[in-house]
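All residue numbers refer to positions in the sequence shown, counting from 1.
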Amino acid sequence: MTIEDPFKHASLGSGVFYRDPVAALAWLEAAFGFERSMVVSDADGKLVHSEMRFGDCYIIVDSEWSDYVASPAAVSGKNTQSVYARLKDGLEAHCEQARAAGAVIIQEPTDQFYGERQYRARDPEGHVWTFTQPIRSVSREEAERLSGLRIEGWHR
């Protein structure tokens, strides 16, 4: 038996782990415009689970609840994944909002050979976030010519 997802999750989400997930929720709202969609706390007020929406996608923001999950702050700033988010427009303003909230911009907004403009930011616990915006349509052949790379498959 199959039921509809009552939470309307996208097919893929990501979990991002923090030493202080409550602070992360507030920061992600202020810096990147994420919206809280669920926050679950125990009887003592400790965060147990939370979800945030961004466009049609979601992320889980959680604590370091096991020995196999860690904030980059707990592992010398290393990242084993990066979250990518696509904006329809307003990339420059989004970057400035993130900067004003204390994000470290590790790649300023830059046009990419594949037709997008992107920037990268590091949050207070060291997670790297990439925000991108389409700026023009590029064929696979043009992307190969501009980059000097061989590309198999292409966005349609």
May I ask you to test the Ser14-Ile60 pair for a side-chain heavy-atom distance under 4.5 Å? no
His127/Tyr18 aromatic ring centres below 6.0 Å: yes
All heavy atoms of Ala143 vs all of Ser147, minimum pair found to be O-OG, 2.7 Å
Can you tell if the side chain of Pro21 reaches within under 4.5 Å of the side chain of Asp62, non-hydrogen atoms only? no
Taking every non-hydrogen atom, the tightest pair across Ala103 and Ala121: CB-CB, 4.0 Å
Would you check, one step at a time, whether the test side-chain contact (heavy atoms from CB on, under 4.5 Å) holds for His49 with Val61? CA-CA 7 Å; His49 175 83; Val61 176; over 6 Å; no
Any donor and acceptor pair, going by atom type alone, linking the side chain of Gln133 with main-chain N or O of Gly90 inside 3.5 Å? yes
Any non-hydrogen side-chain atom of Met52 less than 4.5 Å from a side-chain atom of Leu28? yes
Interatomic spacing from CD in Glu108 to CD in Glu92 - rounded to 0.5 Å: 9.0 Å
Side chain proximity check, Glu51 to Ser37, heavy atoms < 4.5 angstrom: yes
Please report the shortest heavy-atom distance between Gly153 and Ile151, naming the atom on each side. O-CG2, 3.3 Å
Applying side-chain contact (heavy atoms from CB on, under 4.5 Å), name anything that partners Ser76, two or more places apart in sequence or on another chain. none
Separation between CZ of Arg99 and CD1 of Ile105, rounded to the nearest 0.5 Å: 5.0 Å
Please determine whether side-chain contact (heavy atoms from CB on, under 4.5 Å) holds for the pair Glu64 and Arg19, giving the CA-CA distance in whole Å, both sets of side-chain angles, and the decisive distance to 0.1 Å. CA-CA 6 Å; Glu64 298 175 309; Arg19 287 179 168 174; 3.3 Å; yes
Determine, step by step, whether Asp20 and Trp27 satisfy the side-chain contact (heavy atoms from CB on, under 4.5 Å) criterion, reporting the C-alpha distance in whole Å, the side-chain angles of both residues, the deciding distance to 0.1 Å, and the verdict. CA-CA 11 Å; Asp20 187 348; Trp27 193 88; over 6 Å; no
Value rounded to 0.5 Å, distance of CD in Gln97 from CZ in Phe32: 9.5 Å
Side-chain donor-acceptor pairs of residues 38-48 under 3.5 Å, sequence neighbours excluded:
{"from": "Asp42", "atom 1": "OD1", "to": "Asp44", "atom 2": "N", "distance (Å)": "2.9"}
{"from": "Asp42", "atom 1": "OD1", "to": "Gly45", "atom 2": "N", "distance (Å)": "3.1"}
{"from": "Asp42", "atom 1": "OD1", "to": "Lys46", "atom 2": "N", "distance (Å)": "2.9"}

Glu142/Arg140 salt bridge by N-O under 4.0 Å criterion: no
Phe34 reachable from Val22 in the ILVMFWY side-chain graph, under 4.5 Å edges: yes
Between the OH atom in Tyr114 and the OG atom in Ser139, the distance rounded to the nearest 0.5 Å is 15.5 Å
Quickly, which of Gln112, Arg86, Glu116, Arg117 forms a side chain to side chain donor-acceptor pair (under 3.5 Å) with Thr132? Name it, please. Glu116
Salt bridge check, Glu29 against Arg36: does any charged N sit closer than 4.0 Å to a carboxylate O? yes
Is there a side-chain contact between Phe131 and Phe54, using heavy atoms and a 4.5 Å cut-off? yes
Classify the ring geometry of Tyr68 against Trp65: parallel below 30°, tilted from 30° to 60°, perpendicular beyond 60°. perpendicular
side-chain contact (heavy atoms from CB on, under 4.5 Å) assessment of Arg122 paired with Asn79: CA-CA 10 Å; Arg122 189 177 308 273; Asn79 277 234; 4.1 Å; yes
Would a single hydrophobic cluster contain both Val138 and Leu87, if residues Ile, Leu, Val, Met, Phe, Trp and Tyr are joined by side-chain heavy-atom contacts under 4.5 Å? no
Intermediate values then yes/no, side-chain hydrogen bond (donor to acceptor under 3.5 Å, both in side chains), Thr130 and Gln118: CA-CA 7 Å; Thr130 301; Gln118 74 179 27; 5.6 Å; no
Between Tyr119 and His94, how do the two ring planes meet: parallel, tilted or perpendicular, split at 30° and 60°? tilted
